[in-house]
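These values consider heavy atoms only, across backbone and side chains, with no hydrogens, waters or symmetry-generated copies. Below, read A as the first sequence line, B as the second, and so on, with proteins coming before strands; counting in each chain starts at 1.
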Amino acid sequence: MDFDLSPTSNAFDIPEIDFRAELNDEQFAAVTAEPGPLLILAGAGSGKTRTLTYRVAYLLSKGVRPGEILLLTFTNKAAKEMLDRVEELTAVEGRSFWGGTFHSIGHRLLRMHGEAIELPKNFTILDAGEAETVLKHAVESVDSSFFKNKTHPKPGPLSSIISMARNTCESIERTILAFFPQHHEFIERIEGFAEAYEKRKREQNVVDYDDLLVFWLKLLETAPEVAEHYQNRFRHCLVDEYQDTNVLQAAIVDKMAPHHRIMAVGDDAQCIYSWRGANFENILTFPDRHPGTEILRIETNYRSTPEILTMANAIIQNRTSQGFEKELRAHKPSSQKPFVVQAMDTREQAQFVITRIRGLIDEGRDPREIAVLYRSHFVALDMQMELSRAGVPYQITSGVRFFEQAHIKDLVAHLRLVYNPADVTAFLRIFLLLPKVGEKTGQKLYDHTIAVAKKHEIDFIDALHHPDTIKKAPAAARADFESLAISLRDMKQIADTGSPDEVVQMGIDGWYSSYLQGAYANYSNRLEDLNSLVGFAARFEEMQELIAQITLLNSETSGRMEDSDEAIRLTTVHQAKGLEFDIVFVIGAADGFFPTRRSIDVGDTEEERRLFYVAVTRARDELYVLYPKMNTKGGPSMFLNPSRFLQEISTDLFEPIRIRRNYGW
DNA sequence: ACGCCAGTATTTTTT
DNA sequence: ATACTGGCGT
């Protein structure tokens, strides 16, 4: 036994748990395995989360303290779910653990130890869009006419290239040759852009998402005393969804746990994030990097009917690159086959879903247990329209997200500027709202303000409402400028003494609310959103923490829908990962939509296959896969074929349905 | 040179 | 629904 306890610790006080009785053999073996490198291959629906949660409980029961466990997940939702379930099981509060997404843990460490790599502690985080804007400016500073040429890559693609390079720990050159060969002629220039981009971020004291990981690794590599501290502290490291880690994340895990007490849980068949550098090679090579790895499989599926699993297995067995062999074994009794529904067009597809949903609800099904899944957001558009028209309540967890809405971001920009005056991006975001202030004028105003601050030796925020600054604003903007400057000053004053929610409230009550009123017809809705932000802010003691969480938690969905208990769910397959539903409709399963046109053109649909597999395995009892025969959107109508993933498998595995005009059964 | 407006295109997936 | 473009006005 290697659960050696430090002399001072004693077994953590948790409720008695009968691990043997509450877990099946496979799960039990994983939960109670000796510490050391552990690779748990957990198929869809096999109780992966359950296994991880019980593992944590098991470690606690062996005397490991919560603070000694590091729990890394891929999404915020997974992190929350995990910590909630641990708390439920052990009564140990979720926040006693270091648990969260890679990005949030990286953020936490950098906030604490950033100085070791010359990162000031009040840095702010850019979201993807802002990062792109900063990159765009950086590119223009190097080559002002680069984007004038239509054949040159735009900021979006440039950002993807740089991000991909960083997440795979590869050079720009190799990244472009491997993933973006169409841009090979720009290799040298893009290398220069990447450097300029890094420099600009430093100047503004901001970091992008990738930095949270890159700097984390850098911190471990360049600050041995910090690295050692955490290596000693986290005696157990658990990683969820390991197949979706990229090279950078795998390197971080390896560096955090040189003691090899890592439990990696995953399923190579469910790797669906390779566009972000995820590489399921990581999971395949885990045993090589961690000598003595014990590999355990959990393959009994408690979720789905045998018929659904047979179809899922068939889909994944057609993959070209074999990973770990796997075959899900059904636990449930036999039931009906999945349905494959051909609709004439997307409208008919939506009609079918609605009719069936009504039937299910009449049968007494819980609407929350019904989900409509799709490959891409825009596929859901018709569905949304038809649902609204039919009066079927739905909750959509994709599309415009709460923290991504313009007014939320505007207000957050206020906060960012108050706490980090070097954050030009935040400055521009707000000041471009003023009349007659565009990109150029905005930058000028910023520079003037800096000059005024220097000259009078005052703070940036105070320099904003200095007469010397105000008189530089365009005449049409002057009144607004002054009012905004005063708001920011008030916010800063509160910030010194008050709590984050008070600062947020001050921001809402200031210039911004008058702007909001003029700018948007649905002013009161937006104001409501902002007020709910005050409540959110009250949960934080540190403003830096609040701002960071808003940026990192951008998947939280709009607040208004939350109370609709009776709503069915609409989500992308990506967002449905880790979730399960009694009844699942997969819509838009036509070649060109799922798999996407893009993946077909590139000639690699394997990731799409895994995604399809994820979609199918979300269903417990009933599965409907639908596709429209005709595409009426975007240009001339075109005939569509069913998804190749359906065509490849035996027609015995599903029940084809042709829709009758009255939508009857 | 700069900002504004209106019309047009445009959507993978997430931290 | 939002982002971008091109042309117009200041």
Any donor-acceptor N/O pair, A:S163 side chain to A:S160 backbone, under 3.5 Å: no
Does the separation of the ring centres of [X] and [Y] fall below 6.0 angstrom?
X: A:W98; Y: A:Y230; result: yes
X: A:F431; Y: A:F481; result: yes
X: A:H407; Y: A:Y512; result: no
X: A:F193; Y: A:F186; result: no

Report which part of the nucleic acid [X] touches: base, sugar-phosphate, or nothing (heavy-atom distance under 4.0 Å, all strands).
X: A:E439; answer: sugar-phosphate
X: A:T75; answer: sugar-phosphate
X: A:P474; answer: nothing
X: A:F102; answer: nothing

Take the protein atom [atom1] of [X] and the nucleotide atom [atom2] of [N], then report the distance between them rounded to whole Å.
X: A:L434; N: B:dC2; atom1: CG; atom2: P; value: 18 Å
X: A:L432; N: B:dC2; atom1: CG; atom2: P; value: 14 Å
X: A:L433; N: B:dG3; atom1: CG; atom2: C1'; value: 14 Å
X: A:K80; N: B:dT15; atom1: NZ; atom2: P; value: 15 Å
X: A:K409; N: C:dA1; atom1: NZ; atom2: C1'; value: 14 Å
X: A:K154; N: C:dC4; atom1: NZ; atom2: P; value: 9 Å
X: A:I252; N: B:dT15; atom1: CD1; atom2: C1'; value: 13 Å
X: A:Q249; N: B:dT15; atom1: CD; atom2: P; value: 12 Å

Sorted by position of nearest nucleotide on DNA chain B, 5' first, the leading residue of A:S376 and A:T441 is A:T441
Starting at the 5' end of DNA chain B and moving along, which residue's nearest nucleotide shows up first, A:E608 or A:F74? A:E608
Counting heavy atoms from C-beta on, name the nucleotide in [options] closest to the side chain of [X].
X: A:H574; options: B:dT14, B:dG3, B:dT15; answer: B:dT14
X: A:Y209; options: B:dT14, B:dC2, B:dT15; answer: B:dT15
X: A:K440; options: B:dT14, B:dC2, B:dT15; answer: B:dC2
X: A:A128; options: B:dT15, B:dC2, B:dT14; answer: B:dT15

What N/O pairs connect the protein and nucleotides 7-10 of chain C at under 3.5 Å? Give each pair on its own line.
none

Aromatic rings A:F74 and A:Y273: how do their planes relate, parallel, tilted or perpendicular, breaks at 30° and 60°? tilted
Does B:dT15 have OP1 or OP2 under 4.0 Å away from a side-chain N or O of A:T73? no
Can you list everything that forms a salt bridge (Lys or Arg N to Asp or Glu O under 4.0 Å) with A:D208? Sequence neighbours excluded, please. A:R166, A:K201
Pairing residues for A:E140 by the salt bridge (Lys or Arg N to Asp or Glu O under 4.0 Å) criterion, not counting sequence neighbours: none
